[in-house]
Protein chains: 2
Amino acid sequence: MELNIYIELLKNKNLKVTQHRLEILRFLDKNRTHPSLEQVYSYIKEKFPSISKMTVYNVIDSLIENKIINSMRFVNSTELHVDFEIDTHFHFVCSKCGHIYDIDSELDLEKILKNGGHKADDYNVNIYGVCKKCLKK
Amino acid sequence: MELNIYIELLKNKNLKVTQHRLEILRFLDKNRTHPSLEQVYSYIKEKFPSISKMTVYNVIDSLIENKIINSMRFVNSTELHVDFEIDTHFHFVCSKCGHIYDIDSELDLEKILKNGGHKADDYNVNIYGVCKKCLKK
DNA sequence: TCTTATATTGTAATTGTTACAACTTGGAGC
DNA sequence: GCTCCAAGTTGTAACAATTACAATATAAGA
Ligand SMILES: [Mn+2]
Ligand SMILES: [Mn+2]
Ligand SMILES: [Zn+2]
Ligand SMILES: [Zn+2]
């Protein structure tokens, strides 16, 4: 059963395996649209009508903190967005349709931070513009 | 008089030259620390004690919209930050001291978006980690 | 100086996030 | 399985960032 994937992700980080965490992980895995917390909450509420929004915040926090998922903010949005994909990639945000595209690319941090002395853990690259689809209209 | 620089920036975009806009521009030019709106408001209130926070939002909005200044959000902060510098560069955010460093680098958008069909206007690169100074402690 | 489009203001509403304390539950050890 | 406790969940309330809006004031062109 595929749920085992998520169970392992959690166990590897010594996180308790709860129904909420499993369902949120599954949702994020199947929906790679970079949903906001509100969107995660809307979805999860259908499965667990009595779930608290605080639980969504808590679950997401623990997943981010343990690097099981990624998070990002965009200039034009006031809320945190999350991404099941943790491997390095960029994002393209369309100002017309709002869609957030994955862009397969990565930074050469070594080169960029050359002799600057800073130690990087992570990064986000957000590109803003008009997407292919919207350009065709 | 140096204020002329800011007056021209505004006139070139057909924006009215107001004391508030001038003072906010001067503040951002002299303080390249990527302040949040709250920080801009705190400062400007000393010069214009009766200024409304809404004016700060309006001024900043108009400056961003007209590409006179830049704006960005960081995953660990809930508020918009602004930057007088509009030329392309990256940012490094220290998780210890919170300082936001400018990193002199740029993306090769052509290469990154190759045949993807999207049209980019702008981008933000945020790198997270521990800065030089904090590493020395 | 007059006029008008634009900017400012204050207030209130909305939205996103955090704090906290009481209650519940997963899973380790028996 | 049963017991126990650390970790997770819940609800509520506070707080913070942002937006909406309508009334008033002002910059700048005629
Ligand atoms: Mn992604
Ligand atoms: Mn900068
Ligand atoms: Zn689009
Ligand atoms: Zn630091």
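In what follows, chains carry the letters A, B, and so on, assigned in the order in which the sequence lines appear, proteins first and then strands, with residues in each chain numbered from 1. Just so you know, these numbers come straight off a predicted model, no measurement behind them. Basis for what follows: all heavy atoms, side chains included, without hydrogens, waters or symmetry-related copies.
Residue A:T18 is classed as a sugar-phosphate contact, given heavy-atom separations below 4.0 Å to backbone atoms only.
In this structure, A:N76 atom CG and C:dG16 atom C1' are separated by 16 Å, rounded to whole Å. The CE-P distance, from B:M54 to C:dT14, rounds to 16 Å in whole Å. In this structure, the NE2 atom of B:H20 is 13 Å from the C1' atom of D:dA27, given to the nearest Å. Taking atom CG of B:N58 as the reference point, atom P of D:dT18 lies 13 Å away to the nearest angstrom. Whole-Å rounding puts the A:I51 CD1 to D:dG11 P distance at 10 Å. The interatomic distance linking B:K45 (NZ) with C:dT8 (P) rounds to 17 Å, in whole Å. Distance OH (B:Y57) to C1' (C:dG10): 15 Å, rounded to an integer number of Å. Distance B:F48 CZ to D:dA25 P: 18 Å, rounded to the nearest Å.
Taking a cutoff of 4.0 Å between a charged side-chain nitrogen and a carboxylate oxygen, B:K11 and B:E8 do not qualify as a salt bridge.
Looking at which nucleotide of DNA chain C each of A:Q19 and B:S62 is closest to, the 5′-most match is held by B:S62. Position along DNA chain D of the nearest nucleotide to A:T78 versus B:K16 favours A:T78 as the more 5'-ward residue. Residue-to-nucleotide proximity on DNA chain D shows that, of A:S50 and B:L37, the 5′-proximal contact is made by A:S50.
Taking the six-membered ring for Trp and thresholds of 30 and 60 degrees, B:Y101 and B:F92 have ring planes more than 60 degrees apart, a perpendicular arrangement.
Residues A:M72 and B:L80 do not share a hydrophobic cluster, clusters being chains of Ile/Leu/Val/Met/Phe/Trp/Tyr side chains in contact below 4.5 Å.
Side-chain contact check for B:H91 and B:N124: no donor-acceptor pair (N or O, by modelled atom type) lies under 3.5 Å.
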